[in-house]
Amino acid sequence: MSNFFLWVLGKTWLRITGWRVDTNLPSHPKYVAIFAPHTSNWDFPYMMSIIFVLGVRAHWFGKRELFRGPMERIFRWMGGIPIDRQARTNMVDQMVAVLDANEEIVIGVAPEGTRSQAPYWKNGFYHMACKAGVPIAFAYLDYGRKVGGLVPGFLPSGDITRDMGLIRDFFSGVQARYPDEVGAIALQPADG
């Protein structure tokens, strides 16, 4: 499908539903975009529409088993990149290899890992951005204001506790579709 068709499709959906697009895009050619909060299946059509309007080609990772049969073409068209969970390299290293191999790429990650309330965020997005030396951007849908976007964030410092504070500051003002399903913006406590 042409970019113009996707732009019209996204613009039409957002206009019909009363949504606006935050056009403050990151300027870096490659980055990890974290999407939060994620509480509804409706997040997908809204965020894809925003991505279409912004003209961003975003990618996401899924287990290799999803990319079989007729769904493979659809998932790849939608930006899907298969990950081998049985490989000798871990998932973060596989993602870093994809970032390193591309001059321009946007990798989208939902660190909550679920639409239900999660007790903590998965930290793979952070380690991926640090290892690849790329910024973390913020992808959001604010259902209270009916606005969404993909906006600049920061280059991770390596101090995950400090940087999670920056992430928490940004997303604390974003209203999810189901606010009661939003978990804490926190990392799993270290064992021991």
Legend entry - Between Y143 and W42, ring centroids under 6.0 Å: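 Not under 6.0 Å, so no.
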
Legend entry - Pair Y46 and W13, ring centroids less than 6.0 Å apart: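 That pair passes the under 6.0 Å test.
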
When rounded to the nearest 0.5 angstrom, what is the spacing between [atom1] in [X] and [atom2] in [Y]?
X    : Y    : atom1 : atom2 : value
I51  : L150 : CD1   : CG    : 5.0 Å
R15  : R20  : CZ    : CZ    : 13.5 Å
R162 : I167 : CZ    : CD1   : 10.5 Å
Y126 : M164 : OH    : CE    : 9.5 Å
I160 : L187 : CD1   : CG    : 4.5 Å
R76  : I81  : CZ    : CD1   : 8.5 Å

Inset, instruction - May I ask you to check whether over 12 heavy atoms, not counting those of R57, lie within 6.0 Å of atom CZ? - result: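 Enclosed.
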
Mind checking whether [X] and [Y] have side chains closer than 4.5 Å, heavy atoms only?
X    : Y    : answer
M71  : L66  : no
E112 : F35  : no
M78  : F44  : yes
N24  : P152 : yes
V147 : L141 : no
Y31  : I136 : no
V109 : M128 : yes

Closest heavy-atom contact between [X] and [Y]?
X    : Y    : value
F138 : L166 : CZ-O, 4.4 Å
P37  : V174 : CD-CG1, 3.7 Å
P119 : A184 : O-CB, 4.5 Å
A186 : R168 : CA-NH2, 4.5 Å
Y178 : T39  : N-OG1, 3.1 Å
D142 : W19  : O-CH2, 3.7 Å

Inset, instruction - Report yes or no: does N102 contribute a side-chain atom to a donor-acceptor pair with the main-chain N or O of E104 at less than 3.5 Å? - result: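 No.
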
Legend entry - Main-chain N/O of V53 paired to K11 side chain as donor or acceptor, under 3.5 Å: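 No: the side chain of K11 does not pair with the backbone of V53.
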
Inset, instruction - Give a yes or no on whether a salt bridge exists between R68 and E72, defined as a side-chain N under 4.0 angstrom from a carboxylate O. - result: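 Looking at R68 and E72, the cut-off is not met.
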
Legend entry - Residues K131 and D100 bridged, charged N to O under 4.0 Å: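 No, K131 and D100 are not salt-bridged.
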
Inset, instruction - Look at the rings of W121 and F171 and say which category their plane angle falls in: under 30° parallel, 30 to 60° tilted, over 60° perpendicular. - result: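 Answer is perpendicular, since the angle exceeds 60°.
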
Inset, instruction - Show the numbers, then the answer: is there a side-chain contact (heavy atoms from CB on, under 4.5 Å) between L54 and L25? - result: CA-CA 8 Å; L54 292 172; L25 277 170; 3.9 Å; yes

Legend entry - side-chain contact (heavy atoms from CB on, under 4.5 Å) between L99 and V32, intermediate numbers included: CA-CA 9 Å; L99 282 161; V32 174; 4.1 Å; yes

Inset, instruction - Is it possible for you to say whether F125 and V98 belong to one hydrophobic cluster, with membership spreading through side-chain heavy-atom contacts below 4.5 Å? - result: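 Yes; tracing contacts between hydrophobic side chains, which count when under 4.5 Å, links both residues.
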
Inset, instruction - Would you check, one step at a time, whether the test ring pair (Phe, Tyr, Trp, His ring centres under 6.0 Å) holds for F170 with Y140? - result: CA-CA 10 Å; F170 177 83; Y140 74 97; 5.6 Å; yes

